[in-house]
Novice: 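Structure below; questions to follow.
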Number of protein chains: 2
Amino acid sequence: MTELSTMKDGVANQAEASDRVLQILAEAGRLFASKGFEGTSMRDIALACGISKSLLYHHFSNKDEIYARVAVGSTLELYLFVRDRIPDGPPSQKIRAFMVATAEYFRRYRWAWIASTTAFWNDPDRQRHKERLTRRDRFENFLRGLIQEAIDAGEIRKVDVPMTGRLILSSLNWMHRWYNPNKSATPEQIAEIFFDMIFNGLRSGELVELPATEPPKAGRRKSR
Amino acid sequence: MTELSTMKDGVANQAEASDRVLQILAEAGRLFASKGFEGTSMRDIALACGISKSLLYHHFSNKDEIYARVAVGSTLELYLFVRDRIPDGPPSQKIRAFMVATAEYFRRYRWAWIASTTAFWNDPDRQRHKERLTRRDRFENFLRGLIQEAIDAGEIRKVDVPMTGRLILSSLNWMHRWYNPNKSATPEQIAEIFFDMIFNGLRSGELVELPATEPPKAGRRKSR
DNA sequence: GTTTTCACCGACCGATCGGTCAAGCCCGGC
DNA sequence: GCCGGGCTTGACCGATCGGTCGGTGAAAAC
């Protein structure tokens with residue numbers, strides 16, 4: 001049993017929070033995601049929740065705290081969420097699982113994810129999201145470890161590890177800009193497609209298996 | 001001679017604009033990029049330019065127009081900029097040139113690029129950036145054409161074209177979130193690295209060209 | 001020399017911002 | 001009955017928002 005059991009209603013890691021607080025966080029996340037932090041007023045949030053503005057200040061001390069609960073809450077357990085979904089097996093499959101798990105997290109906590117990755121991310125005046133950034137670092141370092149592992153195992157070639165991590169995370173982080181939940185595939189399926197493209201490359205031609213390597217999941221790519 | 005000759009001072013396509021207007025656009029772009037649209041006040045812009053707020057309204061009718069000049073101006077000629085840098089040759093090399101040219105554009109007009117790709121991008125209330133989006137579509141469709149060309153030529157395998165375009169653009173569009181001009185490589189060099197990873201794949205192993213008899217290729221998913 | 005043009009400014013406007021506060025409402029325990 | 005304490009409210013605050021106003025001063029046009 002992990003801290004993840006406290007996740008609820010699209011709002012991650014908000015243990016022992018009342019329904020009203022969860023409602024506020026959900027609505028605030030949705031508004032922050034669509035209009036940004038500065039573009040969302042406390043009146044907007046109150047209106048969306050059908051409550052008075054004063055009530056927001058009963059449950060939260062100020063606007064920054066609401067954002068912090070949305071954004072930090074959404075990244076707080078991303079690392080744990082993903083880590084717990086990495087199976088034993090070939091390192092390349094761990095990278096694949098990393099991508100799929102991140103996509104699942106994105107799907108489940110989409111508004112909070114968008115709010116935390118877009119709103120005033122580089123405002124030099126504010127340090128509100130510093131903690132969020134350090135958690136992001138832990139998440140990214142975890143991926144780099146997996147990549148290094150795959151290199152050491154000879155499964156992938158000797159690429160630049162930080163740059164490879166950036167490529168993989170770019171494909172996932174940019175997804176919220178074009179992903180439409182009503183169309184296309186699920187985020188997890190998209191992550192699989194991206195893994196296939198990045199791992200196997202776009203180039204045509206047959207790959208000759210190296211002795212120890214395991215091809216990706218059956219049915220995805222013709223092999224042997 | 002193309003429209004690109006009017007680019008100047010990091011502000012794209014602002015023909016016959018006075019120095020003061022260019023200064024305002026440059027400062028506004030920098031502020032929009034770091035604090036967002038709503039987070040940047042007209043007073044901020046005036047202060048950064050060392051002029052009065054009234055003067056902004058002498059040169060522009062309102063705040064939206066300043067943003068439009070920054071954002072639309074920065075995407076206005078992106079398509080032409082990139083298109084003019086695609087050489088004749090193998091389609092895969094055109095894709096590579098596409099990525100490098102986009103990276104060069106990013107480097108040259110970085111603040112306007114960031115401002116146009118981050119500020120209130122999905123505010124449902126506003127249609128300010130509609131024109132920008134249609135221009136983006138033209139840009140993305142151009143890339144999809146290059147990918148289809150490479151598939152038809154047999155240079156890359158039969159991947160999902162829109163999804164491949166999204167992967168490539170993700171790697172470029174997310175760059176502004178981690179790129180540090182004082183460290184690391186130039187954007188163009190980064191684009192080359194990403195092209196190599198995506199085109200050749202991360203997987204270790206030898207590529208062997210098939211003879212002319214091409215087996216029904218798998219390794220892809222539903223198309224369109 | 002007079003008029004027109006134009007870049008530019010300080011003062012000001014109504015609206016809205018984040019945030020405060022005293023007071024009501026509701027409901028279980030006495 | 002009635003009391004206490006969370007939940008909830010509307011009225012209100014100073015500050016700041018985007019935007020407007022009348023005007024200045026100097027150069028250009030006549």
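Lettering follows sequence order; numbering is per chain, from 1. Keep in mind that the numbers below use all heavy atoms, side chains included, and drop hydrogens, waters and symmetry copies. Computed from a prediction, not measured in an experiment: that's the story for all the values here.
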Novice: Over how many whole Å does the gap from B:D64 atom CG to D:dG18 atom P extend?
Specialist: 10 Å
Novice: With sequence neighbours left out, write down each residue that passes side chain to side chain contact (heavy atoms under 4.5 Å, CB included) with A:P181, or none if nothing qualifies.
Specialist: A:R110, A:Y179
Novice: Could you state the atom-to-atom distance from CD1 of A:I45 to P of C:dG19 in whole Å?
Specialist: 10 Å
Novice: Output all residues satisfying side chain to side chain contact (heavy atoms under 4.5 Å, CB included) with B:L47, sequence neighbours left out; order by chain, then residue number.
Specialist: none
Novice: Would you check if the side chain of A:S171 reaches a backbone N or O of A:F194 as a donor-acceptor pair within less than 3.5 Å?
Specialist: no
Novice: Is the shortest side-chain N/O distance from B:S41 to OP1 or OP2 of D:dT16 below 4.0 Å?
Specialist: no
Novice: Without decimals, in angstroms, what is the distance between A:L56 CG and D:dT9 C1'?
Specialist: 12 Å
Novice: Please state how far atom CZ in B:R43 lies from atom C1' in D:dG19, giving the value in whole angstrom units.
Specialist: 9 Å
Novice: Send over the distance from A:Y57 OH to D:dC7 C1', rounded to a whole Å.
Specialist: 18 Å
Novice: Between C:dC17 atom P and A:D44 atom CG, what is the distance in whole Å?
Specialist: 6 Å
Novice: Separation of A:M42 atom CE from D:dT9 atom C1', in whole Å?
Specialist: 15 Å
Novice: Which residue pairs pass the salt bridge (Lys or Arg N to Asp or Glu O under 4.0 Å) test with at least one member in residues 98-107 of chain B, sequence neighbours excluded?
Specialist: B:R85-B:E104, B:E104-B:R108, B:R107-B:E188
Novice: Tell me which pairs pass salt bridge (Lys or Arg N to Asp or Glu O under 4.0 Å) where either residue lies in residues 42-55 of chain B, with sequence neighbours left out.
Specialist: B:K35-B:D44
Novice: Mind calculating the distance between CG (B:N62) and P (D:dC17) to the nearest angstrom?
Specialist: 17 Å
Novice: Could you give all pairs that pass the salt bridge (Lys or Arg N to Asp or Glu O under 4.0 Å) test and reach residues 138-150 of chain B, with sequence neighbours left out?
Specialist: B:K94-B:E149, B:E140-B:R144
Novice: Protein-nucleotides 4-9 of chain C N/O pairs closer than 3.5 Å?
Specialist:
| from | atom 1 | to | atom 2 | distance (Å) |
| --- | --- | --- | --- | --- |
| C:dA7 | OP2 | B:H58 | NE2 | 2.4 |
| C:dC8 | OP1 | B:R20 | NH1 | 2.8 |
| C:dC8 | OP2 | B:H59 | NE2 | 3.4 |
| C:dC9 | OP2 | B:S52 | N | 2.9 |
| C:dC9 | OP2 | B:S52 | OG | 3.2 |

